[in-house]
2 protein chains.
Amino acid sequence: MSTTISILLVEDQEMVRAALAALLETENDFAVVGTAPDGRAALEWLADHEADVLVTDIEMPQLDGLQLCAAARRARPDLKVVILTTFARAGYFRRAMSSGASAYLLKDAPAAALVSAIRASITGQKVIDPQLAAEAWSDPDPLTHRERQVLRQAEGGASSEAIAEALGLSEGTVRNYLSSAIGKLQVRNRAEAAALARAKGWL
Amino acid sequence: MSTTISILLVEDQEMVRAALAALLETENDFAVVGTAPDGRAALEWLADHEADVLVTDIEMPQLDGLQLCAAARRARPDLKVVILTTFARAGYFRRAMSSGASAYLLKDAPAAALVSAIRASITGQKVIDPQLAAEAWSDPDPLTHRERQVLRQAEGGASSEAIAEALGLSEGTVRNYLSSAIGKLQVRNRAEAAALARAKGWL
DNA sequence: ACCACGAAATGACGAATGTCATGGGTCGCG
DNA sequence: CGCGACCCATGACATTCGTCATTTCGTGGT
């Protein structure tokens, strides 16, 4: 039937993937025509098959949901993308929207919201949580590229020396970047800075 | 029908909860008779209703899945509990088993594993991933109560002084505990120690 | 009664960290 | 062109952190 909506579902946790598929299949005009455990596999599937909507998680190995969204829409501009994630991070949300996603939903949201978002995406509408959108524009990433790199290394507890080694910088320069990031984020040390930046979705 | 298996499903993310319910309902001798978003709500439900099996996530607000498991089995020793989680942490696994859980499954596992674990739990069997069990016994928590407390505070980047304040200790004592934990875990600083302990499920 | 052990503290020392001033270099923009 | 950003580095300094030796105190075990 021409009114059936065909869906490619991408989610790394196998049990959750199967569960979401079962949920979507309960709508009788939805058809889950393919599933994939990560972005790489999803792109391979798309090379050989057709789908109306791509429903994807963000946190995945290989190629995350945001990279997948951008790559998939480059290949097929008419494909609608619904992003589904655990985290209400402004950075993620912003990246998703600028990659051409049609909707950004939290796994905390009701199942009905996913169903209606999929239907709305088909008609070309964008589904955005107003709270999330407001936070996203009011809270832009203040970090430079280098500060982000250094914070990522510092997250696991690496020493300044180890970070300098990893990035090919001097130890003093690393300390400067960390100090700069600590100042921008108004926290007291590298660990707090890394934790905050991670929570905001800036890393 | 007397052979129907009644299930209480506990999971904080509403969409995942609905999805898992849809998945379980596809088995025609399973009936999801109740759902709850956290441990507290689950216990309230159990006060008024009956179920054969409790399927619960671990990471939840209010009362986590492990606490729920212990409390539920205290109230109803014949209730079977299937723990479902994202993390393969030895500490979680050990706590689950000593709380009387029948099964400990990862969300990475196939959906069929969940179904068969539920069936097996009814017959009194325990379903344990052999890899996880081996890791659990070979990797016991080496930390003392105080070391755990201090590491939990250190996770977010708190200074020794702030930790001392929070726990009512002197700053030097806090440094001693951290130093001890760092030594036991064979890492180089508090951030690495906290990250490792968290990954092992010891916090 | 004695011992072992964890909890708590103190003081001291070297190492790592955070801050600041200062010097460069590149690049895009008005 | 000059200006502002971001990038890279060095040196100096105070603070924080990690380590170690040592002491006190209470609890539980034998």
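When reading the values below, keep in mind they use all heavy atoms of this one structure, side chains included, and skip hydrogens, waters and symmetry mates. On a predicted model such as this, the values are computed, not experimentally measured, just so you know. Numbers restart at 1 for each chain; the letters A, B, ... are given by sequence-line order, proteins then strands.
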Strictly under 3.5 Å: I want the nitrogen or oxygen pairs between protein and nucleotides 11-18 of chain D, one per line.
from	atom 1	to	atom 2	distance (Å)
D/dC17	OP2	B/Ser160	N	3.2
D/dC17	OP2	B/Ser160	OG	3.2
D/dG18	OP1	B/Arg190	N	3.1
D/dG18	OP2	B/Arg190	NE	2.7
D/dG18	OP2	B/Arg190	NH2	2.7
D/dG18	N7	B/Arg175	NE	3.1
D/dG18	O6	B/Arg175	NH2	3.3

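A search for salt bridge (charged side-chain N to carboxylate O under 4.0 Å, His left out) contacts involving A/Glu25 returns nothing, not counting sequence neighbours. With sequence neighbours excluded, the residues satisfying salt bridge (charged side-chain N to carboxylate O under 4.0 Å, His left out) with B/Arg198 are B/Glu155. Listed by chain and residue number, B/Glu11, B/Asp57 satisfy the salt bridge (charged side-chain N to carboxylate O under 4.0 Å, His left out) test with B/Lys107 (two or more places apart in sequence, or in another chain). Checked against side-chain contact (heavy atoms from CB on, under 4.5 Å), B/Ala36 has the following partners two or more places apart in sequence or in another chain: B/Val10, B/Ala41, B/Ala42. Legend: residues meeting salt bridge (charged side-chain N to carboxylate O under 4.0 Å, His left out) with A/Lys184, ordered by chain and number and at least two apart, are A/Glu147. Looking at residues two or more places apart in sequence or on another chain, you find a side-chain contact (heavy atoms from CB on, under 4.5 Å) between B/Ala31 and B/Thr4, B/Val33. The ring-ring contact (aromatic ring centres under 6.0 Å, His included) search around B/Tyr104 returns B/Phe93, not counting sequence neighbours.
Taking a 6.0 Å sphere around CD of B/Glu59, one finds it holds more than 12 heavy atoms contributed by other residues, nucleotides or ligands. Around CZ of B/Arg76, the count of heavy atoms belonging to other residues, nucleotides or ligands within 6.0 Å exceeds 12.
Under 3.5 Å, the side chains of A/Arg146 and A/Ser180 contain no donor-acceptor pair of N or O atoms. A donor-acceptor pair shorter than 3.5 Å cannot be found between the side chains of A/Gln149 and A/Arg152.
Residues from residues 194-203 of chain B lying near DNA chain C, meaning a heavy-atom separation below 4.0 Å, are absent.
Taking every nucleotide of DNA chain C with any atom under 4.0 Å from a non-hydrogen atom of chain B, the first and last of them, 5' to 3', are C/dA7 to C/dA12.
Axis angle across the helix from C/dA1-D/dT30 to C/dG30-D/dC1, with five pairs used at each end and values rounded to 10°: 40°.
What separates OH of B/Tyr177 from P of D/dT19 is a distance of 16 Å, to the nearest Å. The separation between B/Gln186 atom CD and D/dT19 atom P is 12 Å, rounded to whole Å. Remark: P of D/dC8 and NE2 of A/His145 are 9 Å apart, rounded to the nearest angstrom.
Residue pairs satisfying the ring pair (Phe, Tyr, Trp, His ring centres under 6.0 Å) criterion with at least one member in residues 40-81 of chain A, sequence neighbours excluded, are listed as follows: A/Trp45-A/His49.
Between A/Gln67 and A/Asp64, some side-chain heavy-atom pair lies under the 4.5 Å cut-off.
Residue A/Ser170 has a polar side-chain atom (N or O) positioned under 4.0 Å from OP1 or OP2 of D/dT10.
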